[in-house]
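This report concerns only the one structure given below.
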Amino acid sequence: MIRFSQEHLQTIRTHAESTYPDECCGIILGYLVNEGKTVVEVMPTENAWNTEAAAEFPGERTIESKRRQYTIAPEVMLKTQKEARDRSLNIIGIFHSHPDHPAIPSECDRLYAWQGYSYIIVSVQNGKAGELQSWSLDDHHQFQAEAIENII
């Protein structure tokens, strides 16, 4: 389970709408607790997908654009990890959008996902954010739906 405030969920939806028709992305900071994860901050980031980023990923992914792929620049991830550690927080997830597609992970999402993180996907249909779902990898590297709980 992952716990979000309405404000955090709205930040994700707003970022997704602002980048449409491209995919948005961002980092989720918070706490790991026995019964799940609690979000403290949602950090929208730039979708750094470009030809250089594509070269880091094998196969068909290299021909895709920001409309179907995302990446967070490694230096942004590293800087965020250090800042989170300084604040006694963890990176607990990544969010991104699926423009004109459902909020269901793609095969590429699965291949490049990390265990332990929550992956929030928001569907953006015709520029309007809709369904939002959380996913996490199981021990067999398959995505399983993760409950989202609203907190005040």
Side-chain angles (χ1 to χ4, degrees), residues 1-99 101 103-124 129 132-138 141 143-144 146-152:
M1 176 187 308
I2 186 165
R3 293 174 186 81
F4 283 92
S5 71
Q6 281 303 114
E7 180 183 338
H8 292 139
L9 294 171
Q10 187 57 48
T11 298
I12 293 170
R13 288 185 169 98
T14 300
H15 188 47
E17 290 176 355
S18 74
T19 63
Y20 181 87
D22 291 338
E23 287 195 8
C24 78
C25 54
I27 303 169
I28 302 167
L29 301 179
Y31 300 104
L32 300 170
V33 290
N34 290 342
E35 56 276 358
K37 302 169 188 139
T38 300
V39 177
V40 172
E41 186 175 347
V42 172
M43 298 177 54
T45 63
E46 177 185 352
N47 182 347
W49 188 262
N50 58 28
T51 306
E52 289 177 29
E56 298 293 320
F57 296 94
E60 297 174 16
R61 193 174 162 113
T62 60
I63 62 171
E64 301 286 352
S65 72
K66 286 183 181 182
R67 293 191 178 185
R68 292 289 169 256
Q69 306 298 329
Y70 78 93
T71 191
I72 298 171
E75 60 271 16
V76 171
M77 286 295 290
L78 184 59
K79 180 180 179 212
T80 302
Q81 180 67 45
K82 288 177 181 176
E83 290 173 359
R85 193 175 317 128
D86 290 346
R87 295 169 56 198
S88 298
L89 297 173
N90 295 297
I91 295 177
I92 60 171
I94 303 292
F95 73 87
H96 74 282
S97 61
H98 278 184
H101 285 283
I104 298 171
S106 68
E107 180 61 9
C108 284
D109 290 340
R110 186 186 70 78
L111 288 173
Y112 298 106
W114 298 338
Q115 282 193 315
Y117 280 7
S118 294
Y119 287 87
I120 309 303
I121 303 174
V122 59
S123 175
V124 183
L132 184 142
Q133 293 190 56
S134 182
W135 304 88
S136 60
L137 289 173
D138 64 17
H141 208 77
F143 274 116
Q144 301 299 321
E146 180 178 45
I148 295 175
E149 181 179 294
N150 290 326
I151 57 173
I152 297 175

Using 30° and 60° as the class limits, which term best fits the ring planes of His8 and Phe4: parallel, tilted or perpendicular?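 Answer is perpendicular, since the angle exceeds 60°.
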Parallel under 30°, tilted from 30 to 60°, perpendicular over 60°: which one fits the rings of Phe143 and Tyr119?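 Perpendicular.
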Just wondering, more than 12 heavy atoms not from Glu7 lying within 6.0 Å of its CD?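 Atom CD in Glu7 is not crowded, with 12 or fewer foreign heavy atoms closer than 6.0 Å.
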So for atom CD, which belongs to Glu17, do other residues, nucleotides or ligands contribute more than 12 heavy atoms lying within a distance under 6.0 Å?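 For Glu17, atom CD is crowded (more than 12 foreign heavy atoms under 6.0 Å).
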Out of curiosity, [X] [atom1] to [Y] [atom2], how far, rounded to the nearest 0.5 Å?
X	Y	atom1	atom2	answer
Glu149	Ile2	CD	CD1	11.0 Å
Arg110	Leu137	CZ	CG	8.0 Å
Ile28	Ile12	CD1	CD1	5.0 Å
Ile120	Leu9	CD1	CG	8.0 Å
Glu46	His15	CD	NE2	9.0 Å
Cys25	Ile72	SG	CD1	4.5 Å

List the atom of [X], the atom of [Y], and the distance in Å for their closest heavy-atom pair.
X	Y	value
Thr71	Trp49	CG2-N, 3.4 Å
Phe95	Met43	CE2-O, 3.9 Å
Gln69	Cys108	OE1-CB, 4.2 Å
Glu146	Ser118	OE1-OG, 2.6 Å
His141	Leu111	NE2-O, 4.0 Å
Tyr117	Trp114	CE2-CE3, 3.2 Å

Quick one: does [X]'s side chain have a donor or acceptor within less than 3.5 Å of a partner on [Y]'s backbone?
X	Y	answer
Ser123	His101	yes
Glu41	Gly30	no
Thr38	Arg3	no

Electrostatic pair Glu83-Lys79, nearest N-O below 4.0 angstrom: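 Counted as a salt bridge, because a side-chain N and a carboxylate O are separated by less than 4.0 Å.
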Could you please spell out the steps behind the side-chain contact (heavy atoms from CB on, under 4.5 Å) verdict for Tyr70 and Ser97? CA-CA 9 Å; Tyr70 78 93; Ser97 61; over 6 Å; no
Reference residue Leu29; test side chain to side chain contact (heavy atoms under 4.5 Å, CB included); the match among Thr80, Asn90, Ile92, Val39: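 Per the side chain to side chain contact (heavy atoms under 4.5 Å, CB included) rule, the option paired with Leu29 is Thr80, out of Thr80, Asn90, Ile92, Val39.
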Looking only at the side chains, is there a donor atom on one of Asn47 and Glu23 sitting less than 3.5 Å from an acceptor on the other?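 Side chains of Asn47 and Glu23: no pair found under 3.5 Å.
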So Met77 and Ile91, side-chain contact (heavy atoms from CB on, under 4.5 Å) or not? Walk me through it. CA-CA 9 Å; Met77 286 295 290; Ile91 295 177; 4.1 Å; yes
Can you check side-chain contact (heavy atoms from CB on, under 4.5 Å) on Glu35 and Met1, steps first, answer last? CA-CA 7 Å; Glu35 56 276 358; Met1 176 187 308; over 6 Å; no
Show your working on side-chain contact (heavy atoms from CB on, under 4.5 Å) between Thr19 and Val124 and close with a plain yes or no. CA-CA 10 Å; Thr19 63; Val124 183; over 6 Å; no
Please examine the side chains of Tyr31 and Leu89, heavy atoms only from C-beta on, and report whether any two atoms are closer than 4.5 Å.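 Heavy-atom side-chain distance check passes, below 4.5 Å.
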